[in-house]
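Below: one structure, written as structure tokens.
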Amino acid sequence: GSDFNLNSTAQLGSVLFGELGAPILKKTKKTGRASVDASVLESLSGKKSKAGRFCESLLHYRYIGKMQMTYLDPAIALRWEDERVHPTYRSALTVTGRLSSAGPNIQNIPKDRLIRSIFVPRPGWVLTESDMMSAEMRALASQAGEQKLKRIFASGGDIHTMTFRQVFGKSEDYEPTQDERRLAKTLNFGIVYGISAFGVAQRYDMDEDEAQTVINQYFQAFPMVARFMRGAVRFARKRGYVRNKFGRKRRLYPDILSGESVIRHRAERQAVNAPIQADAWDYNAVAIRRVGATLRSYGLQARMVMTVHDQIMVEHPPEETYIVHRIIDAAFASVEYPEQIPVESKTVSRWGETNESKLEKLLEELRV
DNA sequence: CTGAAGCGCCAC
DNA sequence: AAACGTGGCGCTTCAG
Ligand SMILES: Nc1nc2c(ncn2[C@H]2C[C@H](O)[C@@H](COP(=O)(O)OP(=O)(O)OP(=O)(O)O)O2)c(=O)[nH]1
Ligand SMILES: [Mn+2]
């Protein structure tokens, strides 16, 4: 009917909830206006009404715009003379010890293959990407002393896959899709970092009662996790900070004693999260140093090119594939920590692509 | 014109 | 009413 700016949440809201008569499902945090975020648009999308079809198109428009404006355009504009981007990693910015990355941020590149695949090694070379398996769940198992969780990992189990099957009522041999496994990942970390029944219900379209049951059963299955959570909060209240296994501290005073419950409860969740998130990063950081040192000592052409929290990426000639895998596995196995956190490695010609029936796969298997 | 706030959304 | 955590960044809007 009329012209307006799709990127303006205010203008969009008046059209969607005024002209098109869609129901207001959610308010924004600061101003209390009608929210037009993805969760709202998705709820409205199901319908055959004009508003429903509009929301579907809008979600697609948002995604395309996000990819173009936030990732593709900057990736091209920020290339240096070597045709690569060189993000700035800040090692003393985050409260948990993780690195931050900017200019461009290389740590939030979409998983969408169309986007990831623009990042490539030099011609003729390959990329080996190694990602810690269930990184923070293993750190948690260690810190909480949750034997049941430790046994799952020791026997090669995948907690995210198991949680998906358990919560969504699938059989033991059901293989979740990547998206389904991501759902379970969010649930696992949500629960252990203090999500509410309301939050679970919201995210998974469940009753709040149902959600509470999921949370209760989770802590029943892993009681030491609940105990660890209480212990972290108690420690933070008494000492004003928490500390991870590598000795890294996060200060939580005065929030942890705040009279404002919103502030205080947030600090309590931070008390639980910080030592775990910090452990996963520090573990990776130690391994990174060893991978770098070992690649050098072997006189290889391989070079580490980036890291994303619990992952590292190495660029190297294809003939170095086997030794690079060996070096990375050994480095991650060598970190001084009560439990090993292994990596899953894959070698590819472009970031985000698979190596199925390709040269890289052969090179991995043939141990060239 | 610049900077900040608000919203929204990508990753781990 | 809000109660998973850690980040960076684009756009719109508004104050100066
Ligand atoms: N609190 C919180 N932490 C997250 C979330 N997603 C990822 N993380 C943290 C915890 C993960 O262990 C870590 C690395 O992310 P990954 O995507 O590699 O997941 P993870 O290592 O658990 O599983 P993986 O076996 O690699 O698929 O980042 C989340 O939704 N909430
Ligand atoms: Mn991982």
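Keep in mind the model is a prediction, meaning the values are calculated, not measured.
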Just the atom pairs and distances: protein N or O near nucleotides 9-11 of chain C's N or O, under 3.5 Å.
| from | atom 1 | to | atom 2 | distance (Å) |
| --- | --- | --- | --- | --- |
| C:dC9 | OP1 | A:Gly103 | N | 2.9 |

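Of the inter-residue distances, the one linking A:Arg98 atom CZ with A:Leu93 atom CG reads 13.0 Å to the nearest 0.5 angstrom. Interatomic distance, CG of A:Asp179 versus NZ of A:Lys185, reported as 11.0 Å (0.5 Å rounding). In this structure, OG1 on A:Thr9 lies 4.5 Å from CZ on A:Arg33, to the nearest 0.5 angstrom. The structure places CD1 of A:Ile323 at 10.5 Å from CD1 of A:Ile328, a figure rounded to the nearest 0.5 Å. Here the NZ atom belonging to A:Lys170 is positioned 13.5 Å from the OG1 atom belonging to A:Thr161, to the nearest 0.5 angstrom. The line from CD1 of A:Ile256 to CZ of A:Arg266 is 12.0 Å long, rounded to the nearest 0.5 Å.
Annotation for A:Ala236 and A:Ala271: closest pair CB-CB, 3.9 Å, computed over non-hydrogen atoms. Looking at every heavy atom in both residues, A:Thr347 comes nearest to A:Thr321 through OG1-CG2, 3.7 Å.
Counting non-hydrogen atoms under 4.0 angstrom, A:Gln270 reaches the backbone sugars and phosphates but no base. Using a 4.0 Å heavy-atom criterion, one finds that A:Arg182 contacts the bases of the nucleic acid, with or without backbone contacts as well. The residue A:Ala38 sits close only to the backbone: its heavy atoms come under 4.0 Å of sugar-phosphate atoms, none of a base.
Between A:Lys29 and A:His309, the residue anchored closer to the 5' end of DNA chain C is A:Lys29, taking for each the nucleotide with the nearest heavy atom. Mapping A:Thr28 and A:Thr96 onto DNA chain C by nearest heavy atom places A:Thr28 closer to the 5' end of the strand.
Near DNA chain C, defined here as any heavy-atom distance below 4.0 Å, the residues from residues 249-263 of chain A are A:Arg250, listed numerically. Non-hydrogen atoms lying under 4.0 Å from DNA chain B are contributed by nothing in residues 190-210 of chain A.
Ring geometry, A:Phe235 versus A:Tyr241: the interplanar angle exceeds 60°, so the pair is classed perpendicular (tilted spans 30 to 60°).
Of the candidates A:Asp310, A:Thr307, A:Asp279, A:Asn284 forms a side chain to side chain donor-acceptor pair (under 3.5 Å) with just one, namely A:Thr307. Exactly one of A:Arg116, A:Arg113, A:Lys346 qualifies for a salt bridge (Lys or Arg N to Asp or Glu O under 4.0 Å) with A:Glu353. That residue is A:Arg113. With A:Tyr193 as the fixed residue, the side chain to side chain donor-acceptor pair (under 3.5 Å) test singles out one of A:Glu136, A:Arg269, A:Gln270, A:Gln277: A:Glu136.
Of the candidate nucleotides B:dC10, C:dA3, B:dG6, B:dC10 has the atom nearest to the side chain of A:Pro110. Comparing C:dT13, B:dG8, C:dT6 by their closest approach to the side chain of A:Gln277 singles out C:dT6. Each of B:dC10, B:dC9, B:dG6 was ranked by its minimum atom distance to the side chain of A:Met67; first place goes to B:dC10. Picking from B:dC12, C:dG5, C:dC4 the nucleotide with the shortest atom distance to the side chain of A:Val308 gives B:dC12.
When the P atom is compared between C:dA3 and B:dC7, the two are found 15 Å apart, to the nearest whole Å.
The distance between atom CG of A:Leu16 and atom P of B:dG8, rounded to the nearest whole Å, is 12 Å. Counting to the nearest Å, the P atom of C:dC4 and the CZ atom of A:Phe222 are 20 Å from each other. Nucleotide C:dT6 holds its P atom 15 Å from the CG atom of A:Asn244, rounded to whole Å. Atom-to-atom, CE of A:Met137 to P of B:dC12 comes out at 17 Å; the value is rounded to the nearest Å. The distance between atom CD of A:Glu136 and atom C1' of B:dA11, rounded to the nearest whole Å, is 13 Å. Separating the OH atom of A:Tyr61 from the P atom of B:dC9 is a distance of 13 Å, rounded to the nearest angstrom.
Within the structure, a side-chain polar atom (N or O) of A:Lys111 is placed less than 4.0 Å from OP1 or OP2 of B:dC12. For A:Gln311, no side-chain nitrogen or oxygen approaches OP1 or OP2 of B:dA11 to under 4.0 Å. Between A:Ser35 and B:dC7, a side-chain N or O to OP1/OP2 separation shorter than 4.0 Å is absent. For A:Arg62 and B:dC9, the shortest distance from a side-chain N or O to OP1 or OP2 is below 4.0 Å. An OP1 or OP2 oxygen of C:dA3 is reached within less than 4.0 angstrom by no side-chain nitrogen or oxygen of A:Arg266.
For A:Gln212, the CD atom is densely surrounded, since the number of other residues' heavy atoms within 6.0 Å is greater than 12.
The base of B:dC7 lies outside donor-acceptor range of the side chain of A:Arg33, with no N or O pair under 3.5 Å.
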